[in-house]
Amino acid sequence: MSTPARRFTVSAPVKVLIALAIAAIVGLSLARYDPALALKVADVARPIGRLWLNALQMTVVPLVTALVIVGVNTASNAAASGRTARNAIIVFLVLLVGSAAFSALVTPALLDLVPRDAETIRTFREALRSPATAATPPSAAQWISGLIPSNALAAAASASMLPLVVFAMFFGFALSRQEAGRRERLLDLIRTVSDTMISIVRWVLWAAPVGVFALVLVVCAEVGMSVLGVIGYYIVLMCVIYILITLLLYVVARFAAGEPLRRFAAALVPVQVIAGSTQSSLASLPAMIDSARNRLGYPPALTALVLPMAVSLFRITSPAQYIAVASFIAWLYGFEIHASQYAVAVLLAAVISMGSTGLPGQANFMTNNLPITQSMGLPVEPLGVLLAVDTIPDVFCTIGNATGGVTATGIVARHTAPHPEPGPEPTEPG
């Protein structure tokens, strides 16, 4: 009996990387051998890339709003289930804000070490038709008064993400106080909106190879070989940020969870190996539970609650990524980011991260980085190019997330009595 032939399939990230490579080869070759033709080809490809970016942007406001509302209710329900769950939610929030704040401090310092060519900045900006100046940062009084929108619909129409997220948080908390049946009916509607937007995002990402090809072709054709250096800087930056976050978690585990460094590091080795090889926090969950119970000695009932919650709600590297991506775009364009803008971005990154762990990888990158980048007054056009190479540092990202889950569990175990209630089923964060 003959065995049916296996069908060869290529994953979406690999398709995007292939499109990037082909676009880079074509664009750089045209720029080298026929610059005039390169500019003509770029003019044809530019609207295609812009159209693809617009299609992604159109889903951001309804998707982020729905995700925050659902995320607030999920966290509220978990916190209401017992003291252990409440402690876990608090630990998650503190670590997420800390991750974003760490990235806001470290990323600009790292980028200051990298040489920046003024001509490359100019041509890159012109290639993507980005604005020449960043948005003016608000004063402290403007920032505080703008936190709560006077008109939620106007905030949505102008894509003012921070007041919109604040409104969504108020709405989510108020919804969690309603009678259970009515709450679930409305939440079901909001989840339907979220799932519908995610379906649209998946359709748009199905065309990601075309959109990325167009964007990279334009940049390579007009900027030339220096674009490779820019992409290389980005990849190295993200890997360094993820590694630093992971190393910092060992320090957090030592002082906040009381874990001896050698024992903690040894217990995490199998977890990190699986996380790095699968690039999936959910696939790492069995190893996380085994290490937490058998190597670190945490109570089985506690790990059964906190670790699934961590996989479902908590990705320590995500806020750091959002801040680092925005900082890189600011560095690339020569824009100065003020402390008030970073303050907005840090809070926004923590909230959005906790509400969007169920998104697939590429959708997560675009949907979550767009509002952070917009809130800092930066152009979003480079995100399409950065999406193409985000798969490379994602190995270190997943290792950091798995390490963060075990670290958070250790902190909760140290400050919580045993015998928590069973936790929610985890969802795949991508």
Side-chain angles (χ1 to χ4, degrees), residues 13 16 20 53 56-57 60 64 96-97 99-112 114 116 121 124-125 128 130 134-135 159 161-162 201 205 208 211-212 215-216 219 227 230-245 315-337 341-353 356 359 361-398 400-401 430:
V16 171
L20 179 143
L53 275 178
L56 282 171
Q57 284 181 266
V60 168
V64 169
L96 288 172
V97 172
S99 170
F102 176 81
S103 183
L105 291 171
V106 172
T107 305
L110 292 175
L111 289 171
D112 285 341
V114 179
R116 184 174 58 200
I121 294 171
F124 199 101
R125 184 167 57 233
L128 293 177
S130 302
M161 295 309 302
L162 182 62
V201 170
L205 288 176
V212 168
L215 290 169
V216 174
V219 173
V227 72
V230 170
I231 292 175
Y233 291 151
Y234 171 77
I235 294 173
V236 172
L237 171 70
M238 297 310 301
C239 291
V240 169
I241 290 295
Y242 293 148
I243 291 170
L244 289 176
I245 290 288
R315 291 189 304 177
I316 187 69
T317 61
S318 291
Q321 181 206 57
Y322 309 154
I323 300 297
V325 168
S327 299
F328 180 81
I329 293 174
W331 169 85
L332 179 61
Y333 282 75
F335 295 163
E336 182 180 358
I337 302 299
Q341 292 169 292
Y342 272 122
V344 171
V346 164
L347 298 176
L348 196 57
V351 172
I352 290 178
S353 168
S356 58
L359 292 174
Q362 290 180 323
N364 198 310
F365 181 88
M366 294 301 297
T367 302
N368 295 340
N369 279 288
L370 272 166
I372 303 300
T373 304
Q374 287 176 333
S375 74
M376 298 175 76
L378 298 170
V380 300
E381 289 80 5
L383 291 176
V385 178
L386 301 181
L387 165 71
V389 295
D390 188 62
T391 304
I392 299 172
D394 191 57
V395 173
F396 300 100
C397 172
T398 311
N401 289 333

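Since this is a predicted model, take the numbers as computed values, not measurements.
- With sequence neighbours excluded, no residue satisfies ring pair (Phe, Tyr, Trp, His ring centres under 6.0 Å) with Tyr242.
- Between the side chain of Asn369 and the main chain of Phe365, a donor-acceptor pair closer than 3.5 Å is present.
- Nearest approach of Ala208 to Val16, heavy atoms of both residues: CB-CG2, 3.9 Å.
- The shortest side-chain heavy-atom distance between Phe328 and Met238 does not fall under the 4.5 Å cut-off.
- For the pair Pro371 and Val64, the tightest heavy-atom approach, listed with the atom from each and the gap, is CG-CG2, 4.2 Å.
- When atom types are taken as modelled, the side chain of Asn368 and the backbone of Ser353 share no donor-acceptor pair closer than 3.5 angstrom.
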Working note: Leu386 + Ile329, criterion side chain to side chain contact (heavy atoms under 4.5 Å, CB included); need CA distance, chi angles, decisive distance, verdict. CA-CA 10 Å; Leu386 301 181; Ile329 293 174; 4.3 Å; yes

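- Between Val212 and Gly384, the shortest heavy-atom distance links the atoms CG2-O, 3.6 Å.
- Between the CG atom in Leu244 and the OG1 atom in Thr317 there is a gap of 12.5 Å [rounded to 0.5 Å].
- With contacts defined as side-chain heavy-atom distances shorter than 4.5 Å, the pair Ile323/Ile241 does not qualify.
- For the atom pair Leu387 CG and Leu56 CG, the distance stands at 8.0 Å (nearest 0.5 Å).
- At a threshold of 4.5 Å between non-hydrogen side-chain atoms, the residues Val230 and Val385 do not count as touching.
- Inter-residue side-chain proximity for Phe335 and Pro379 is flagged as met; some heavy-atom pair is nearer than 4.5 Å.
- Looking at Val344 and Met376, their side chains never come closer than 4.5 Å, going by heavy atoms from C-beta outward.
- Here Leu378 contributes atom CG and Thr373 contributes atom OG1; the two are 6.5 Å apart, rounded to the nearest 0.5 Å.
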Evaluation steps, side chain to side chain contact (heavy atoms under 4.5 Å, CB included), between Val325 and Asp390: CA-CA 10 Å; Val325 168; Asp390 188 62; 6.0 Å; no

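- The side-chain heavy atoms of Asp394 and Cys397, taken from C-beta on, include a pair separated by under 4.5 Å.
- The CD1 atom of Ile245 lies 6.5 Å from the OG atom of Ser103; values are rounded to the nearest 0.5 Å.
- Between Val240 and Leu110 the shortest side-chain heavy-atom distance falls below 4.5 Å.
- Residues Ser327 and Tyr342 have side chains that bring a donor and an acceptor to within less than 3.5 angstrom of each other.
- A distance of 9.0 Å separates CD of Gln341 from CD of Glu336, quoted to the nearest 0.5 Å.
- Contact check for Arg315 versus Gln321: no side-chain heavy atoms found under the 4.5 Å cut-off.
- Across all their heavy atoms, Ile235 and Pro393 have their closest contact at O-CB, 4.4 Å.
- Heavy-atom minimum distance, Ala104 versus Val346: CB-CG2, 4.1 Å.
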